[in-house]
Amino acid sequence: MKTTLHTEWTVADICKGFTYNELEGKGLFGLDGRLTIQPEYQRHYIYNDGKRDVAVIESLLKDYPIGLIYFNRTADGRYEVLDGQQRITSFGRFVTGKFAIRDAEGNVQYFSGLPEEAQEKIMRSQLLIYECEGEEKEIKEWFKTINIAGIPLNEQELRNAIYSGSFVNAAKRVFSNSQNAEVQKWSHYVKGDVKRQELLAEALKWVCESKGMSIDAYMSMHRRDNAINELENYFRSVIDWVSAIFTMVERDMCGLEWGRLYETYHGRPYSVDHVTERVRALQADGSIRCPRNIYEYVLGGEEDKKLLDIRMFEEPTKRAAYMRQTKDAEERGVSNCPLCAAGENANKTRIYKYPEMDADHVTAWSKGGATTAENCEMLCKTHNRTKGNR
C-alpha cells in the first residue's frame with residue numbers, strides 16, 4: 001500500500017462543499033466534492049452528543065493536535081475517509097451551523113457568531129492527512145487496524161466495512177436510519193444503538209439462524225445485491241408475529257431471542273386472550289425470579305418450569321414446617337412425612353431427620369400454589385421426587 005503525507009489541506013479545504021445528510025444515508029461530502037466523508041464501510045456519525053463534537057472544535061481553537069487523518073485514494077482519483085470521519089464531520093457540522101459551543105464567558109456561540117479571528121483560526125487550521133492507495137483488501141485491513149484505538153468498531157461495523165457494497169447500503173437505509181418511523185416499534189423488541197449497527201446485526205442474526213449460516217457468509221453471498229428483500233421480510237415477519245401474539249409491550253421484552261422463539265413456535269396456534277391472561281398472572285407471581293422468560297414459558301405450553309427459576313422455600317420456612325410436622329407426627333404416632341403416614345409400609349411411623357426431607361408446595365406452584373409458609377410441607381426425599389405436580 002502506498003502512502004503520501006499531506007500537510008497543505010486546511011479545515012476550510014475539507015469543509016468546501018460540505019453537506020450533512022440528516023437521514024444518515026451514504027453521503028457526507030467535502031473537499032469541493034472530491035472527498036466522501038462517510039463511505040459505505042464507515043460507521044455513522046456518533047460524536048453529536050454535545051461533548052465530543054464540542055471537544056473537536058475547542059481543540060482547533062486551542063491549537064491542540066487532533067491527530068492523524070487517513071484518506072483512501074480511489075481508482076477514479078477521488079478520496080474516501082479511512083480514519084477521522086468523526087472529527088471531520090464535527091468541524092464540518094460546526095462551520096455549517098449544525099451545533100454550538102460555549103466561549104470563555106459561557107456564552108453559546110455558533111460559528112457565524114464567533115469573532116472573525118476565531119473563525120479564521122478554525123478555517124486555517126492545517127491537518128495532517130495520510131493518503132493511502134492500494135488494493136481493496138489492503139485498504140480494509142488497514143481500516144480495521146487504525147480503528148483499534150479510540151472508540152472500537154463493533155462486530156457489525158467491521159462486517160459492514162469488509163462486505164461493503166450495494167447490500168450494506170440498502171440494509172443501512174432500513175436498519176441504520178434513526179429517521180425510520182418503524183424504529184420506535186422495533187425498539188420495543190430489539191435492544192441496541194441504530195447508529196452502531198446493532199439493529200442491523202440482530203436482523204442479520206435472525207435470518208442467518210433460520211438458514212443455519214453465519215452472518216459473514218450471508219453478507220458475502222449477498223454483497224452485490226441491490227435489495228434486501230429476504231432480510232427485511234424475515235425481520236418484519238418476526239416482529240409482526242411477536243406483536244400479534246403478545247398484546248402487551250413490556251420493558252423486559254426488549255432484547256429477547258425473538259428470532260429463535262419465532263423459529264421454534266410460530267407454527268403453533270395461540271389464543272391471544274389466553275396468552276395475555278397467563279402472562280399477566282405470571283407477572284404478578286412473586287415466586288418467579290426470571291420474569292423475562294415468562295413469554296417463552298407461555299409459548300412452550302408452560303411445560304419448562306426451569307425457565308422461570310421459581311423461588312424455593314427459604315431455610316427458616318422449611319425448618320418451621322419440619323418442626324411443626326414432627327411435633328404433630330410424634331403426638332399421633334405416625335411419620336412426619338404426610339405421604340409416608342398415609343401409606344401402609346414400614347415407613348408409616350418413621351420420623352425423618354431434617355436433612356432427609358425436602359420442602360414442597362402443598363398446592364403445586366403450577367396449579368396456583370404460592371411459595372409461602374402456609375403452602376409449605378416437608379416430604380421425605382423419595383416422595384418429594386415422585387410427587388411432581390400431582
Side-chain angles (χ1 to χ4, degrees), residues 21 23-28 36-46 72 74-76 78 80-82 85 134-145 147 152-183 185-187 189-242 255-264 266:
N21 187 348
L23 296 180
E24 304 169 37
K26 181 181 177 183
L28 298 178
T36 301
I37 300 172
Q38 190 183 85
E40 57 201 18
Y41 51 80
Q42 280 279 11
R43 70 169 119 218
H44 282 314
Y45 179 62
I46 60 174
N72 169 40
T74 60
D76 60 2
R78 293 169 53 80
E80 296 176 340
V81 175
L82 269 176
Q85 182 227 144
E135 300 294 329
E136 180 187 48
K137 182 178 180 181
E138 294 179 297
I139 296 299
K140 296 295 177 64
E141 188 62 35
W142 180 234
F143 175 75
K144 291 169 64 176
T145 301
N147 276 282
L153 296 173
N154 61 35
E155 288 187 14
Q156 189 55 45
E157 288 171 331
L158 283 173
R159 290 192 196 104
N160 286 357
I162 295 168
Y163 306 109
S164 62
S166 54
F167 179 82
V168 168
N169 292 337
K172 287 170 69 175
R173 281 194 291 271
V174 175
F175 295 105
S176 307
N177 182 2
S178 62
Q179 302 301 313
N180 184 345
E182 293 184 283
V183 167
K185 174 184 177 180
W186 297 343
S187 67
Y189 309 105
V190 182
K191 184 181 298 183
D193 187 338
V194 172
K195 291 185 177 182
R196 295 302 305 274
Q197 312 304 315
E198 291 167 347
L199 178 61
L200 172 56
E202 193 69 6
L204 285 164
K205 176 185 174 184
W206 290 357
V207 73
C208 290
E209 287 182 346
S210 74
K211 300 173 74 65
M213 63 190 306
S214 69
I215 294 177
D216 290 82
Y218 187 86
M219 293 184 71
S220 177
M221 178 185 297
H222 295 281
R223 182 175 182 180
R224 308 303 179 190
D225 293 358
N226 293 316
I228 59 166
N229 294 338
E230 181 181 59
L231 173 65
E232 188 173 359
N233 290 341
Y234 188 86
F235 181 83
R236 292 182 187 279
S237 295
V238 175
I239 296 296
D240 290 345
W241 174 77
V242 175
L256 295 181
E257 297 179 70
W258 292 116
R260 176 181 62 82
L261 297 179
Y262 174 80
E263 280 298 309
T264 305
H266 82 274

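Any value given below was found using the heavy atoms of this structure, including those in side chains, with hydrogens, waters and symmetry copies removed. This is a predicted model, so every value here is computed, not measured.
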Assess whether atom CD of Glu155 is packed by more than 12 heavy atoms of other residues, nucleotides or ligands within 6.0 Å. no
Atom [atom1] of [X] and atom [atom2] of [Y]: how far apart are they, to the nearest 0.5 Å?
X: Ile239; Y: Tyr262; atom1: CD1; atom2: OH; answer: 11.5 Å
X: Glu230; Y: Ser210; atom1: CD; atom2: OG; answer: 7.0 Å
X: Gln179; Y: Arg173; atom1: CD; atom2: CZ; answer: 15.5 Å
X: Thr36; Y: Arg78; atom1: OG1; atom2: CZ; answer: 4.5 Å
X: Arg159; Y: Ile215; atom1: CZ; atom2: CD1; answer: 4.0 Å
X: Phe167; Y: Asn169; atom1: CZ; atom2: CG; answer: 11.0 Å

[X] and [Y]: which non-hydrogen atoms are nearest, and at how many Å?
X: Ala171; Y: Leu200; answer: CB-CD1, 3.7 Å
X: Trp241; Y: Leu261; answer: CH2-O, 3.7 Å
X: Ile228; Y: Val174; answer: CD1-CG2, 3.9 Å
X: Met219; Y: Val168; answer: CE-CG2, 3.7 Å
X: Val207; Y: Leu231; answer: CG1-CD1, 3.7 Å
X: Trp258; Y: Trp206; answer: CB-CZ2, 3.8 Å

Does [Y] offer a backbone N or O that forms a donor-acceptor pair with the side chain of [X] under 3.5 Å?
X: Glu198; Y: Asp193; result: yes
X: Arg223; Y: Ser164; result: yes
X: Glu263; Y: Arg260; result: no
X: Asp225; Y: Ala227; result: no

So do Met213 and Met221 actually touch side chain to side chain, heavy atoms under 4.5 Å?
yes
Open item on the list: Under a 3.5 Å threshold, yes or no: a donor from one side chain and an acceptor from the other, between Asp216 and Ser214?
Closed with: no
- Item | Residue pair Ser176 / Gln197, side-chain donor-acceptor N/O under 3.5 Å | yes
query = Taking the inter-plane angle between the rings of His222 and Tyr218 on a 0 to 90° scale, is it parallel (under 30°), tilted (30 to 60°) or perpendicular (over 60°)?
reply = tilted
(request) Apply the test ring pair (Phe, Tyr, Trp, His ring centres under 6.0 Å) to residues Trp186 and Phe235: give CA-CA distance (whole Å), side-chain angles for both, the deciding distance (0.1 Å), then the verdict. (result) CA-CA 10 Å; Trp186 297 343; Phe235 181 83; 4.9 Å; yes
